[in-house]
Amino acid sequence: MCDTCGCNITDANAHLLRPGGRLHQTGEGREAVTVLRNLLSENDRQAAHNRAHLDRHQVLAVNLMSSPGAGKTALLEATIEALGDTLRIAVIEGDLETENDAERIRARGVEAIQITTGSACHLDAHMVHQALHGLDLSTIDLLFVENVGNLVCPASFDLGQHYNVTLLSVPEGDDKPAKYPVMFRAADLVLLTKADLLPYLPEFQPGRAERCLRDLASAAPCLSLSARTGEGLAAWLDWLRQTRALLVSQQAAGSSRRPAIQPEGQALHAGEGAF
Amino acid sequence: MHEYSLCIALLGQVERIARDHRARRVARILLRLGPLSGAEAPLLRHAWPLAAAGSLAAGAELVIEAAPVVVRCTRCGAETEAAPNRLLCGACGDWRTRLVSGDELLLAHLELADIEPEVPRACASPSP
């Protein structure tokens, strides 16, 4: 059948050509196309590829997000100190400029790949893919991605990680989840960091931070800790150990895990028949 | 903040679809955008002409449809509208809700123009 005379229109496909249909021709020879595709679908495809790499080597990948200065690198230093003997750790560092954070991690004897984004405000799946090529995944149990310090953009980009951990430091104020709902909704775990400052900043109430988080319909656990004093660190380390054990059993069974932010969300919005 | 890179991704999708449909021009682009998508409509509108300059989508009208924030309660089942930072059930007040709408970042619809006629192909069915 040809595409010019109409002999290819059948009862089965005629609905596509009616107004609102995917192949409907509007006035003036225009053609209307219904797409329903996420703008980030290219990124998401790359992220799925990254996740498959990580799963093949049974690596747990954790994406750390926060505002600049909330203590992501300090948390990593303390985590390496505590777990470095039992788990093989590597870190991908995202910053606009400098290798400072990567050098702090390397000083602890852990491999770190620095991504300098220039002026880009977030990491995306392609950058992380490139960084993954610099790592031998068969020698790694636990991969941290320290995202660019920013409470806005990093939340929108899937990197291929299994879990999102968002840090909120005490000096920032306890209402951050209400101010940055997109970021805190994306968290599988929220860490209230610099808890050693709580006595000096009584206006920060951990209970209020947690309530703001629940207002986002998030069931993510919320832990207080201080990387400086070690207070509360044990619960974070337990979370990491349990999370890793659970994921490795899933990976061994051929499945994986994505950050909890409604895995069915995209399917809800993007109907089938997308390009 | 990352609206320009979103516009570049949008342009890539639009160009691919236009090529598939042999369109020389894109007349209209409809996006559906929710407040929890992390992108802002005014910034997208500003960034779009820069991203599309010189492409077959350069003159396209960019229409951005705002999606409401709607949650479905896992306790009472009600579907209610909510504020982006307060996703509580509007009926019973419970926080254990699922987002039904509000985080969309979708290329929903395209109108293509100046469609090149396809080179006529021989009919596959044998002539009588």
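Residue numbers start from 1 in every chain, and the chains themselves are labelled A, B, ... in the order their sequence lines are given, proteins ahead of strands. Note that the structure is predicted; figures quoted are calculated from it, not measured.
B:Asn85 places a side-chain N or O within donor-acceptor distance of the main-chain N or O of A:Ala178, the cut-off being under 3.5 Å. For B:Gln13 (side chain) and A:Asn38 (main-chain N/O), a donor-acceptor pair under 3.5 Å exists by modelled atom type.
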Residue pair A:Arg185, B:Asp103: steps toward the side-chain contact (heavy atoms from CB on, under 4.5 Å) verdict: CA-CA 11 Å; A:Arg185 230 170 64 78; B:Asp103 62 350; 3.6 Å; yes
Residue pair B:Ile17, A:Val35: steps toward the side-chain contact (heavy atoms from CB on, under 4.5 Å) verdict: CA-CA 9 Å; B:Ile17 293 164; A:Val35 187; 3.7 Å; yes
Derivation and outcome, side-chain contact (heavy atoms from CB on, under 4.5 Å), residues A:Leu36 and B:Arg32: CA-CA 9 Å; A:Leu36 291 179; B:Arg32 199 171 300 147; 3.9 Å; yes
Chi angles and distances behind the side-chain contact (heavy atoms from CB on, under 4.5 Å) call for B:Leu6, A:Leu40: CA-CA 7 Å; B:Leu6 289 177; A:Leu40 291 170; 3.4 Å; yes
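Interface residue A:Phe157: only side-chain heavy atoms are found under 4.5 Å from chain B. Of the two parts of B:Ala108, the backbone and the side chain both hold a non-hydrogen atom closer than 4.5 Å to a non-hydrogen atom of chain A. For a residue to count as touching a neighbouring chain, one of its non-hydrogen atoms must lie under 4.5 Å from one of that chain's; by this rule B:Ser37 touches chain A with the backbone only. If you measure heavy-atom distances from B:Arg86 to chain A, the contacts under 4.5 Å come from both the backbone and the side chain. In this structure, chain A has no heavy atom under 4.5 Å from any part of B:Pro117. Interface remark: A:Ser218 contributes backbone atoms only to the contact with chain B (heavy atom separation under 4.5 Å).
Within the model, atoms CG of B:Leu107 and CZ of A:Arg37 stand 8.5 Å from one another, a figure rounded to the nearest 0.5 Å.
Under 4.0 Å is where a charged nitrogen must lie from a carboxylate oxygen, and between B:Asp114 and A:Arg30 no such pair does.
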